Amino acid sequence: MRPRAGVACVLPLALAGCQGWQSALDPQGPQARSLADIIWVFTGVAVAVWVLVAVALAAALLRRRAEPPDPLSRAPDRERAMGYAVGGCVALTLVVILALTGYSYATQKELFSTHEGRITILLTGHQFWWDVRYEDPAPSRVFSTANEIHIPVGEPVRIKLEASDVIHSFWVPSLLGKQDLIPGRQNLVRLQADRPGVYRGQCAEFCGWQHAHMSLLVVAHPREEFEAWRDAQLASAAPPSTDEQKEGQRVFLSNPCMTCHTVRGTSAGAVAGPDLTHLASRRMLGAGMLPLTRGNLAAWVVDAPGVKPGVHMPSIKLEPHELHPLLAYLEGLK
Amino acid sequence: MRTLAIALVLLSLAACQREERALRGDPMADESREKIALTSLSPGDSGPIEVRTGRGEEYTGNAYHQSEGKKLFKQMNCNGCHANGGGGMGVPLMDDTWIYGGRIENVVQTIREGRPNGMPSFRGKLPDEQIWQLAAYVLSMSRAVPQDVAPSRDDDMHPRPAESRQPAVTGVQGGTVPPSGEAPQ
C-alpha cells in the first residue's frame with residue numbers, strides 16, 4: 001500500500017473516537033450541546049473564511065498578468081475600486097470577529113450562570129481521585145462517595161468544585177466543558193443529562209503522576225431510581241453477616257485501612273482516602289482505573305503502588321490468612 | 001558556532017533532573033533500623049549505642065518527601081494538637097526547642113513510638129516511609145532543612161509564611177530528656 005493511501009485509510013479511524021461515553025461532539029446535555037454548537041459554528045466560519053482566502057490567493061497567483069503599467073500613469077477609478085475591495089474585506093473581518101466574540105460571550109454567560117439547584121454536590125479533587133459529597137440542609141442527609149456522581153435525568157445539578165492539593169480540572173465531555181478545581185477557592189458548574197446513561201469524566205489539568213488515571217463516572221438515572229440510590233447511600237454500611245466478613249471487618253479496623261478511610265457505622269472515620277461505606281456499589285476501582293472485581297480489589301489492597309505508581313495509598317502488608325476475609329468484607333459493603 | 005550552541009542547549013538538559021523520587025515506598029510493616037539514645041547515661045564508659053544509617057538525608061534533602069509530609073501533617077490530624085507548628089495542646093514544632101532531640105531520627109522515633117503526655121504512637125498505622133516524610137516536614141518548619149527543598153507553598157490559609165521562608169536553624173542534636181518530658185510518676 002502506498003503511504004498516502006495508508007494515511008487515508010487510518011485517518012477516518014480517528015473519527016471513531018468522536019462517539020461513545022466521552023465525547024464533546026456527541027452532546028447529551030444542554031451545556032455540552034451549546035458547546036458543541038460553538039465548536040461547529042466556529043469551525044464552519046473558519047473553514048469558510050479559509051476557503052475564500054485560499055480561492056482569492058489562488059486567483060491572484062494564477063491569473064494572467066497584463067503588461068506592467070507605466071508607473072507614472074494614474075488610474076483613479078481602478079484605485080478607488082481596489083480601496084473599496086480592501087475596505088470591504090476589513091469591515092467583513094471585523095463583523096465576523098465581533099459576531100463570533102458576541103456569540104461566544106453569550107454562550108459562556110449562559111453556561112456559567114450559577115443558580116440554586118435542588119441537588120448540590122461538593123466535588124473535591126485529590127491526587128488522584130474525586131471526593132463527591134451530596135449536600136443537604138439536613139445534616140443527616142449529607143453523605144460522601146467517591147469517583148462516581150449520580151444525578152437525576154433532566155434536572156440541573158449544581159456542583160461546587162474544590163481541590164485539596166493541586167489544581168485539577170473537571171471535564172465530562174458529553175455533558176459539560178472543563179472547569180478547574182483550585183485549592184483555596186470554589187468554582188461552580190451546572191451538570192445536566194438529558195438521557196439516562198453512564199458518562200465518563202476525566203481530570204483535564206495535569207496534576208501529577210497519575211493524572212491520566214484520575215477519571216470519574218457520571219451516572220444519570222430517572223428521578224425515582226436516583227432517589228432510591230440516594231437513600232441507599234445514606235444508610236450506614238451493612239454489618240458483616242458471615243463469619244468471614246466479621247473477621248474481615250476486624251482486619252480492616254485493626255490495620256492501617258482505618259487511618260485513611262471511612263466506613264460509616266464503624267469506628268473508621270478518616271477522610272484522607274475515599275469513603276468506602278458503599279464501595280461494592282461502585283463500578284470502578286482506583287478512580288476509574290479498573291473494573292471493581294474481587295481480583296482487582298485484591299491487587300489494589302495488597303499493592304496499590306504497583307497497580308497505580310504514584311498513588312498515595314501505601315502497600316499494606318497483610319498476613320496471608322487475612323486477605324480473603326478482608327476482600328469478603330469489602331465486597332459486602334454494598 | 002552552531003555546534004557550540006547545540007552543545008550548550010544539550011548541556012542545559014542536565015539540569016532537568018532535580019531529584020530522584022522513590023516510585024514505591026517500603027511495604028507497610030518494614031521498619032528502619034535507626035536506634036537513638038535519649039540519655040547520655042549507659043553502663044561502662046563507651047556511651048550509649050546509636051545507629052544512624054544516614055537514611056534521614058534522603059528525606060531532609062528531598063522536596064517531594066517534604067511536600068508529602070506536609071499533606072500528611074494535615075491528613076493525620078497532627079495540626080489538631082500542634083496547630084500549624086505553633087503548638088496548642090501539643091508542643092510547638094517551629095521553634096528550636098526539642099525535648100527528645102531535633103535530628104530526623106529522633107523525630108521519627110517520636111512519631112513511631114509516641115511520647116508521654118499525649119503524643120500517640122503511629123506504629124502500624126503509618127508506613128515507615130510516611131513517618132520519615134512527616135519527620136522531614138516537621139524539621140522543615142524550623143528550616144532545619146535546605147531552603148530549596150523546604151515546602152514553598154501553602155495549600156490554604158496559613159498563619160505564617162511557607163516553610164522555605166522561615167529563618168534557618170540547625171537541628172538540635174539533643175536527646176537528653178528533661179524532667180518536663182518524663183512520664184508522670
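Throughout, a chain's letter reflects where its sequence line sits, starting with A, and its residues are numbered from 1. Every value quoted in this text rests on a predicted model; they were computed, and no experiment measured them.
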Engineer: Before giving the answer on side chain to side chain contact (heavy atoms under 4.5 Å, CB included), spell out for B/Lys74 and A/Ser164 the whole-Å C-alpha distance, their side-chain angles and the decisive distance to 0.1 Å.
Structural biologist: CA-CA 11 Å; B/Lys74 200 167 77 176; A/Ser164 72; 5.6 Å; no
Engineer: If you round to the nearest 0.5 Å, how far is OG1 of A/Thr259 from CG of B/Leu72?
Structural biologist: 11.0 Å
Engineer: Tell me if the CD atom of B/Glu50 is crowded by more than 12 foreign heavy atoms within 6.0 Å.
Structural biologist: yes
Engineer: More than 12 heavy atoms of other residues, nucleotides or ligands under 6.0 Å from CD1 of B/Ile49: yes or no?
Structural biologist: no
Engineer: To the nearest 0.5 angstrom, please state how far the OG atom of A/Ser254 sits from the NZ atom of B/Lys125.
Structural biologist: 7.0 Å
Engineer: Any side-chain heavy atom of B/Gln130 within less than 4.5 Å of one from A/Pro314?
Structural biologist: yes
Engineer: Counting only non-hydrogen atoms closer than 4.5 Å, does A/Cys260 touch chain B with its backbone (N, CA, C, O), its side chain (CB onward), both, or neither?
Structural biologist: side chain
Engineer: Would you say A/His312 and B/Glu68 make side-chain contact, with heavy atoms under 4.5 Å?
Structural biologist: yes
Engineer: More than 12 foreign heavy atoms under 6.0 Å from NE2 of A/His324: is that the case here?
Structural biologist: no
